Each structure stands twice: as C-alpha cells, then as structure tokens.
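Just so you know, residue 1 is the first one in the sequence shown, and it goes up from there. Computed from a predicted model, the values in this text were never measured in an experiment. Just so it is clear, the values below take in all heavy atoms, side chains as well, and ignore hydrogens, waters and symmetry mates.
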Amino acid sequence: IEAGSYMILASSIPNSKVELENVDHTKISKVIEVLEKMNVKITIKSEKIMIESPKELKPINLTIGTYPDFPTDLQQIILMLLLKAKGKSVLIDTIYPFNSLYI
C-alpha cells in the first residue's frame, strides 16, 4: 500500500521522475498495470521502480477488489489521479459496492 501510494503520487506530479527502492513489484502488479494503462511510464529493475509522470493521463475502467485486484486502500488516492485524466473513467468497488463512481 505504501509503495502504491507513492507511485500514484509520483504519477500526479507534472514532469516528475521518482525512484522507489526495496519494492517487490510482484506484490503491486495490479497497481503497475493500472498506472501503465493511464499512460504512466514505469521501469522495473530488480527491487527498484522508476515512475515517470505522463504529459496526459488516460481515463480507465477500474475494478477495486481483494488481492490480487486493485487494492481498496488505494481507491481514494487513485480517484484523485483519475480527476486529472482526460475523458471518462469508471471505478467499481466490489468490496463496498455503494462506492462505485463514474468520473
């Protein structure tokens, strides 16, 4: 959750390049997949992850769920990032279904 939070934050800062160390990328593969779909450039080297924010974020359809799905603990943070995306995004929460949003 901590690494995912930093990755989403780094993705929201214009023209940023952030490197995270000591991260097991296999545990956050869904976060990586979602950010890459949003046009974020992510480079993985051993236990390091480099995040480069895009000039323009793409909208996505995202389902929140239990591991290995996108974690519910990052829902609020990814929502803020989706507000910066050009176009309509859909966020569906399978744990707390009343939280589903169309942005």
Side-chain angles (χ1 to χ4, degrees):
I1 299 302
E2 186 177 355
S5 298
Y6 286 125
M7 292 177 71
I8 294 168
L9 176 63
S11 302
S12 71
I13 302 169
N15 303 313
S16 71
K17 291 183 182 179
V18 175
E19 185 176 289
L20 302 178
E21 296 181 356
N22 302 317
V23 179
D24 181 354
H25 66 87
T26 63
K27 303 285 186 197
I28 55 172
S29 60
K30 191 63 172 185
V31 175
I32 293 168
E33 177 187 325
V34 166
L35 290 175
E36 287 178 333
K37 285 182 182 177
M38 292 183 71
N39 205 28
V40 177
K41 183 179 178 188
I42 297 175
T43 306
I44 300 168
K45 292 182 182 175
S46 188
E47 291 188 354
K48 292 183 181 181
I49 299 177
M50 174 67 78
I51 302 101
E52 293 183 52
S53 64
K55 291 183 180 185
E56 186 174 297
L57 289 163
K58 294 180 180 179
I60 57 167
N61 293 335
L62 176 59
T63 300
I64 307 292
T66 57
Y67 186 80
D69 286 339
F70 193 87
T72 190
D73 292 349
L74 294 178
Q75 178 180 346
Q76 296 82 1
I77 304 170
I78 196 77
L79 173 62
M80 295 300 110
L81 186 62
L82 290 173
L83 291 173
K84 296 180 76 172
K86 303 280 184 182
K88 181 180 177 180
S89 293
V90 176
L91 200 105
I92 299 172
D93 190 332
T94 61
I95 297 174
Y96 303 102
F98 56 87
N99 284 340
S100 299
L101 300 169
Y102 301 91
I103 305 165

- Is there side-chain contact between L82 and M38, with at least one heavy-atom pair below 4.5 Å? yes
- Message: Going by side chain to side chain contact (heavy atoms under 4.5 Å, CB included), name the residues that satisfy it together with I77, two or more places apart in sequence or in a different chain.
- Response: S5, I8, L74
- Message: What's the separation between atom CD1 in I1 and atom OH in Y6, rounded to the nearest 0.5 Å?
- Response: 13.0 Å
- Task: Output all residues satisfying side chain to side chain donor-acceptor pair (under 3.5 Å) with N22, sequence neighbours left out; order by chain, then residue number.
- Result: none
- More than 12 heavy atoms from other groups under 6.0 Å of CD on E2: no
- Quick one: are L35 and L81 in side-chain contact, heavy atoms under 4.5 Å? yes
- Task: Please identify each residue that fulfils side chain to side chain donor-acceptor pair (under 3.5 Å) with T66, with sequence neighbours left out.
- Result: none
- Query: Any sub-3.5 Å donor-acceptor pair from T63's side-chain atoms to I92's backbone N or O?
  - Reply: no
- Taking only residues two or more places apart in sequence or in another chain, which ones pass salt bridge (Lys or Arg N to Asp or Glu O under 4.0 Å) with K37? E33
- Message: Taking side chain to side chain contact (heavy atoms under 4.5 Å, CB included) as the definition, give me every residue that meets it alongside S53, ordered by chain and number, with sequence neighbours left out.
- Response: S16
- Which residues pass the side chain to side chain contact (heavy atoms under 4.5 Å, CB included) test with D24, sequence neighbours left out? T26, K27
- Query: What residues, two or more places apart in sequence or in another chain, satisfy side chain to side chain contact (heavy atoms under 4.5 Å, CB included) together with P54?
  - Reply: N39, V40, L57
- Item | For K84, all residues meeting salt bridge (Lys or Arg N to Asp or Glu O under 4.0 Å), sequence neighbours excluded | none
- Task: For K41, enumerate each residue passing the salt bridge (Lys or Arg N to Asp or Glu O under 4.0 Å) test, keeping only those at least two apart in sequence or located in another chain.
- Result: E52
- Message: Can you list, by chain and residue number, the hydrophobic cluster partners of L9 when the side-chain cut-off is 4.5 Å?
- Response: I13
